[in-house]
There are 2 protein chains.
Amino acid sequence: MNILEKITNELDTLSKSERKVAEVILSSPSTVIHSSIAALAKQANISEPTVNRFCRRLDTKGYPDFKLHLAQSLANGTPYVNRHVDENDNAEEYTSKIFESTMASLELARKSLDASLINRAVDVLTQANKISFFGLGASAIVAHDAQNKFFRFNVPVVYFDDILMQRMSAINSRQGDVVVVISHTGRTKSLVEVASLAKENDATVIGITTTDTPLAKECSIVLSVDVIEDTDLYMPMSSRIAQLALIDVLATGFTLRRGSKFRDNLKKVKDSLRSSRFEKKD
Amino acid sequence: MNILEKITNELDTLSKSERKVAEVILSSPSTVIHSSIAALAKQANISEPTVNRFCRRLDTKGYPDFKLHLAQSLANGTPYVNRHVDENDNAEEYTSKIFESTMASLELARKSLDASLINRAVDVLTQANKISFFGLGASAIVAHDAQNKFFRFNVPVVYFDDILMQRMSAINSRQGDVVVVISHTGRTKSLVEVASLAKENDATVIGITTTDTPLAKECSIVLSVDVIEDTDLYMPMSSRIAQLALIDVLATGFTLRRGSKFRDNLKKVKDSLRSSRFEKKD
DNA sequence: TCAATTATGAAATAAAATTTCATTTTTCCT
DNA sequence: AGGAAAAATGAAATTTTATTTCATAATTGA
């Protein structure tokens, strides 16, 4: 658990003087890990025992122990940050930036996800008579990938990246069917309509989208995938990758729910590909 | 820089007693961060000043500073590791594991990539008369995504996830054409053949695959994307995500090479979608 | 308003780390 | 091999840092 977040959370349970300490720490945590208790006390205009009490209130053994926690929080607090690609970056630079931004987005996406909703979504998927994945543009790829995965599970699954097919399919859906609608923006009119049509026809609609979007409002279960897109390049990047990771999560949840016998079956599916491949040397 | 690695590296520049300290630390770093200098000295059967000298030799200000570094290394030494999903994991657990494994794979993939080869690939792509993306199974999605991106650049681009179409397209290729062949295993026979056919017909073949595979041998430029796949679940997961990140890198390299005027054009492409979306409130 | 509770800091104490310096060990030259 | 020089080491002293104690101040609640 990140101690900086903890400080923020407990800010209002702290006393006046302790809050001063908290503010100094939050404003410049990296300075604090190199300060003595005396230096920090002075900085916050309070006494040393107050700093000590502050540390204990955060469930640390004392000031040195607190600094240890702080150092750890700083180390893994922002391992990857969203860095924008610059006009003059060379290949090395933009490659690193893109990979790091992608990792930062995955980190963010994971935080925005609610495990209990994932659990419900998996519930619904395992019980579905038929599963449909709908997406357009970059999200079409995610739908395509989902089909590829769920197909292996030997359940009826379709994917459409065509507005008309999606509409027709939505209208034909019924109780027991699950429709997964994927859209980063959650604002694509035709997809929102499809979600609403499917819902009217008693299908369970799972939305993979950003929190609080028009699409989210139409869904039975919303799996929020919040990422920061680098809009400078006018292309969807991180969003679809975070969505794919979520598809992996759903597929994994599905296989776990189905038990070990089911997984043996997956192995058979995979093994069936062997003859199409060149042997591995060792 | 990870201090544990540093200790390992400098092990032979240390004196006998200092090495004892190093060994105690390496054998149980997490204990050490909660030990006083006296406790550590006793543990290693040496004196306190020796511990202090040891710390300084590692370019830290002293023992407390050393502990801070150690704490940080423990926190981000293995920020994301490939953790396998377990039978009894709950939703929270398997979600975290999958996201973290994905991030670990991206980290690994970035390391396996060679920036100069990316640069050459971008060169070739910007000069291409026609670009084709080929993949099968999970890699088909990557090819699909690549088409979606490069299509925006207003260059002739196709994608095929059908063996026959791929073969026909490869046979029809000529000098100036670029064929991008995507396969994680690099062992899918029909794809290796397609690569070789395209090459025979003077197309430039870019391979997105693992290092040292049959496919890699057939390519003009090999972009190595090495990841660890969790084979327990018999589904491609990390590999396709790392490949997609590479597609982002190539697309970004392409837009940078084309200059700022070109990027204005991308904005227009994106803006053309606006009318199909619900307005954002603020 | 005033007793009770809680918060705070000065000073004392305790703990931990560092420095100094004498002793031991190792190195390297003849 | 022998011995001076250099390097390594630890005991003790010192310094720095953190914690505790306790008296005082501020706040709360009847």
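This is a predicted model, so every value here is computed, not measured. The sequence lines fix the lettering, A, B, ..., with proteins before strands; numbering per chain opens at 1.
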If I take atom [atom1] in residue [X] and atom [atom2] in nucleotide [N], what distance separates them, rounded to the nearest angstrom?
| X | N | atom1 | atom2 | result |
| --- | --- | --- | --- | --- |
| Leu40(B) | dT18(C) | CG | C1' | 15 Å |
| Phe54(B) | dT19(C) | CZ | P | 17 Å |
| Lys42(A) | dG9(C) | NZ | C1' | 16 Å |
| Asp65(B) | dT18(C) | CG | P | 9 Å |
| Glu48(B) | dA15(C) | CD | C1' | 11 Å |
| Arg53(B) | dA8(D) | CZ | P | 9 Å |
| Asn52(A) | dT20(D) | CG | C1' | 9 Å |
| Glu18(B) | dT25(C) | CD | C1' | 14 Å |

At their closest point, which heavy atom of Tyr63(B) faces which heavy atom of Leu40(B), and how far apart are they?
CE1-CD2, 3.6 Å
Just N and O in the side chain of Thr50(B): are any of them under 4.0 Å from OP1 or OP2 of dG10(D)?
yes
Side-chain N or O of Ser17(B) versus OP1/OP2 of dA8(D): is the shortest distance under 4.0 Å?
no
Between Ser36(B) and Lys16(B), which residue's closest nucleotide on DNA chain C lies nearer the 5′ terminus?
Ser36(B)
Which of these nucleotides, dA17(C), dT9(D), dG9(C), is closest to any side-chain atom of Ser15(B)?
dT9(D)
Of dA17(C), dA18(D), dA11(D), the nucleotide closest to the side chain of Pro49(B) is dA11(D)
May I ask you to check whether Phe66(A) and Phe54(A) place their ring centers less than 6.0 Å from one another?
yes
Answer with base, sugar-phosphate or nothing: what part of the nucleic acid does Arg19(B) contact at a heavy-atom distance below 4.0 Å?
nothing
About how many Å separate OG1 of Thr252(B) and CD1 of Ile98(A), when rounded to the nearest 0.5 Å?
3.0 Å
Got a sec: does the CG of Asp212(B) have more than 12 other heavy atoms crowding it under 6.0 Å?
no
Determine whether more than 12 heavy atoms belonging to other residues, nucleotides or ligands lie under 6.0 Å from atom NZ of Lys199(A).
yes
Along DNA chain D (nearest heavy atom to each residue), the more 5'-positioned of Ser47(B) and Arg56(A):
Ser47(B)
